[in-house]
Amino acid sequence: MLKHVMKNPHKVLPQLLAAAIGSWGFFCTGLVRGWSSPGIPSLNATKNFEIESSDIAWIASVPPLCALIGALLATYPLQHFGRRRTLIGLSIPFFIGFLLMGLTYFGRHKAMLYVGRVITGLVNGALTPASQIYISECSSPHIRGVLSSLTASALAFGILTPYIIGAFVDWWTLALTLIIFPVMLLVGMIFMPETPIWLMANKREDEARQALQRLRGKRTNIDAEFVRIKENQEKNDKKKHKIQPRELLKGSVWKPLSISMGIMFFQQFTGINAMVFYTVNIFKSAGSSIDGRYATIIVGVVQLIATAFSGFFVDRYGRRILLLGSASIVSCSLAAMGSFFYIQDQWGPELATEKLGWLPLLSLIVFFIAFSGGYANVPFILMGEMFPARYRSILGPLSSSFNLCCTFIVVRSFPTMQITIGKYGAFWFFMSCTLAGIVFVYFLLPETKGKTLEDIEKIFSAKYDAAGVLKTAEMQADNSLEVKITPSTLSDDIETNKPNDGNLRHQKSKNSGSVALENGNQIATFSLKPIIDSEEEDDGSLVAAPL
């Protein structure tokens with residue numbers, strides 16, 4: 001990332017700003033998750049209105065349930081109002097939700113707290129796909145992975161923020177303090193452009209060009225990238241009609257959706273949210289004397305630092321290698337944690353703590369570092385870039401809601417698992433799921449590093465091979481010089497003559513830097529000119545242009 005910034009700051013910095021503000025939606029999502037850890041104990045200690053223990057449990061768990069609905073509800077505004085206006089609109093109910101939670105202390109009725117948690121839960125689910133899609137569609141292929149990984153860092157930072165603030169203030173003061181962050185999202189997005197892809201899809205070509213120019217920098221030549229976006233949209237326009245449910249059964253749609261949902265499943269069944277929600281209990285079960293408030297802060301800081309550093313490697317090493325490496329180390333950490341509790345069950349708590357008391361803390365730290373290095377951000381990056389543009393507004397919320405469903409299942413089932421199969425059995429179960437995830441990634445996940453969103457679509461299309469080349473009617477030169485012809489390439493003044501045979505062939509001039517193509521009906525002569533794309537500096541590549 002630093003290399004790109006130093007080499008082309010005028011191109012990267014506008015995209016970095018858009019990604020930073022767009023990822024603030026994930027930060028706000030983290031606030032909802034993080035409030036429960038310090039907020040629930042404080043509510044129990046300082047409540048000044050009638051509330052039962054069962055209410056406390058529902059107040060803690062209702063946001064993930066509402067987030068399932070919120071993620072699905074995001075589909076309509078993402079399609080019809082755009083990514084930018086959706087993020088602006090979601091910031092308002094987020095503000096209202098936290099405000100209601102804080103005012104509950106003065107209103108003294110649990111209904112206000114319930115409504116506040118329901119509202120923040122709904123927005124929580126809708127913000128995830130909206131933020132990720134916005135960043136993916138604003139970013140160049142060469143830095144899209146780094147910029148998209150900002151969402152995971154923002155989420156970790158969002159979780160850590162209420163951990164720290166909640167250690168010093170009561171639950172209602174914490175809620176009122178957090179209302180400032182949705183306001184920051186609203187103000188920031190007002191000054192951001194809409195994504196060029198959405199504008200092009202809605203026939204606003206001039207605005208799409210302006211947005212792309214703004215995102216790539218005023219001095220950047222965006223012609224090549226703009227033509228690519230326009231051509232891809234024209235392909236979608238040929239089949240422009242209301243999306244029918246049967247279209248989701250096409251291979252180019254269900255394949256990336258299935259892979260994304262599979263990655264989301266294995267992300268959650270590493271047990272990550274069981275670790276986050278029950279960190280204090282895990283430390284107590286292991287015999288740790290660390291105060292619960294400080295334990296959560298330690299875990300939050302470790303996760304934030306590791307997630308932030310992982311963003312610098314996602315475009316360097318690719319998505320597959322990060323997921324495979326992350327899962328391998330996570331499975332080892334889970335195995336170690338399960339082994340400790342098995343030994344504790346065999347030896348007794350006192351002897352196990354005396355001999356191996358350091359193992360649970362070390363295992364958890366390694367777990368969070370390894371998880372943050374791959375599984376924390378790559379699944380969301382893939383969600384933003386694998387789906388076809390035409391269906392992205394539908395598939396993103398579907399994948400996000402499935403992720404939230406898995407989150408709820410893991411969090412709710414973890415206490416029961418510890419009773420039925422033992423603490424060690426629960427950790428070994430998560431280890432087994434993580435190992436299965438390694439097999440899934442190795443055999444089914446294609447590498448998307450450095451590819452344009454249009455090229456990624458081709459990976460799952462039956463019309464293209466794995467390299468993104470048409471399986472039929474493809475034009476290739478005899479000496480492997482590839483020439484792409486588009487309608488804009490041809491002109492009326494091209495010199496042509498009819499050949500004797502119908503085979504496609506080309507001949508490159510020795511001294512003119514031109515190329516002649518014969519397709520059985522005519523011969524067209526073109527000059528070879530270097531391409532300068534808006535995504536990178538001139539690399540000397542050649543494209544056919546009329547003489």
Side-chain angles (χ1 to χ4, degrees), residues 27-74 89-128 158-183 185 273-274 276-281 292-293 296 300 401 404-405 407-416:
F27 177 87
C28 293
T29 297
L31 298 178
V32 179
R33 298 186 185 184
W35 180 87
S36 296
S37 184
I40 295 301
S42 174
L43 176 61
N44 273 320
T46 63
K47 58 187 178 184
N48 61 347
F49 53 92
E50 184 178 349
I51 188 170
E52 304 295 333
S53 57
S54 59
D55 292 317
I56 295 291
W58 275 110
I59 288 170
S61 60
V62 75
L65 288 176
C66 295
L68 292 172
I69 302 172
L72 296 175
L73 292 178
L90 289 173
S91 63
I92 297 174
F94 221 130
F95 172 90
I96 295 173
F98 276 125
L99 182 62
L100 282 174
M101 290 168 58
L103 293 179
T104 304
Y105 182 79
F106 303 98
R108 298 187 178 185
H109 200 290
K110 63 183 179 182
M112 296 177 64
L113 188 55
Y114 266 111
V115 173
R117 290 294 277 174
V118 167
I119 292 175
T120 54
L122 288 170
V123 182
N124 189 14
L127 274 174
T128 301
I159 293 173
L160 176 61
T161 299
Y163 282 1
I164 296 175
I165 299 175
F168 305 101
V169 300
D170 291 331
W171 61 273
W172 61 272
T173 305
L174 174 61
L176 291 175
T177 303
L178 298 181
I179 66 176
I180 189 176
F181 299 110
V183 176
L185 174 64
N273 279 296
V276 172
F277 277 70
Y278 300 105
T279 299
V280 176
N281 291 337
R293 295 175 298 173
T296 55
S401 63
L404 292 166
C405 180
T407 301
F408 177 75
I409 292 172
V410 169
V411 172
R412 293 289 292 177
S413 63
F414 185 63
T416 304

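Start at 1 with the first residue, then count along the sequence.
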Counterpart residues, ring-ring contact (aromatic ring centres under 6.0 Å, His included), relative to Phe106 (two or more places apart): Trp172
For Phe414 against Ala274, the heavy-atom pair lying closest together: CG-CB, 3.7 Å
Taking only distance into account, with no hydrogens and no angle test, what donor-acceptor pairs under 3.5 Å do side-chain atoms of residues 97-105 form with protein atoms, sequence neighbours excluded?
residue : atom : partner : partner atom : Å
Thr104  : OG1  : Leu100  : O            : 2.8
Thr104  : OG1  : Met101  : O            : 3.2
Thr104  : OG1  : Leu113  : N            : 3.2

Partners passing side-chain contact (heavy atoms from CB on, under 4.5 Å) against Ser91 (at least two apart in sequence or in another chain): Leu185, Leu186
Taking every non-hydrogen atom, the tightest pair across Gly166 and Pro38: CA-CB, 3.8 Å
Minimum heavy-atom distance Ser401-Leu68, with the two atoms named: O-CD2, 2.8 Å
Partner residues of Leu122 under the side-chain contact (heavy atoms from CB on, under 4.5 Å) criterion, sequence neighbours left out: Cys66, Ile69, Val118
Nearest atoms (heavy-atom pairs only) where Cys28 meets Leu127: CB-CD1, 4.1 Å
Contact list for residues 112-123, test side chain to side chain donor-acceptor pair (under 3.5 Å), sequence neighbours left out: Ser36-Arg117, Asp55-Tyr114
Least distance between heavy atoms, Thr177 atom then Ile180 atom: O-CG2, 3.3 Å
Partner set under side-chain contact (heavy atoms from CB on, under 4.5 Å) for Pro93, not counting sequence neighbours: Ile119, Val123
Minimum heavy-atom distance Leu178-Pro162, with the two atoms named: CD1-CB, 4.4 Å
Residues which pass side chain to side chain donor-acceptor pair (under 3.5 Å) with Thr46, listed by chain and number, not counting sequence neighbours: Trp171
Separation of Ile51 CD1 from Asn44 CG (nearest 0.5 Å): 8.0 Å
Close side-chain approach of Phe49 and His109, heavy atoms under 4.5 Å: no
Listed once per pair and sorted, the salt bridge (charged side-chain N to carboxylate O under 4.0 Å, His left out) pairs that draw on residues 170-182, sequence neighbours left out: none
Residues that Phe181 engages under ring-ring contact (aromatic ring centres under 6.0 Å, His included), provided they are two or more places apart: Phe27
Side chain to side chain donor-acceptor pair (under 3.5 Å) against Trp35, all qualifying residues, sequence neighbours excluded: none
Criterion side chain to side chain contact (heavy atoms under 4.5 Å, CB included) on Leu404 and Thr128, from CA distance to verdict: CA-CA 10 Å; Leu404 292 166; Thr128 301; 5.7 Å; no
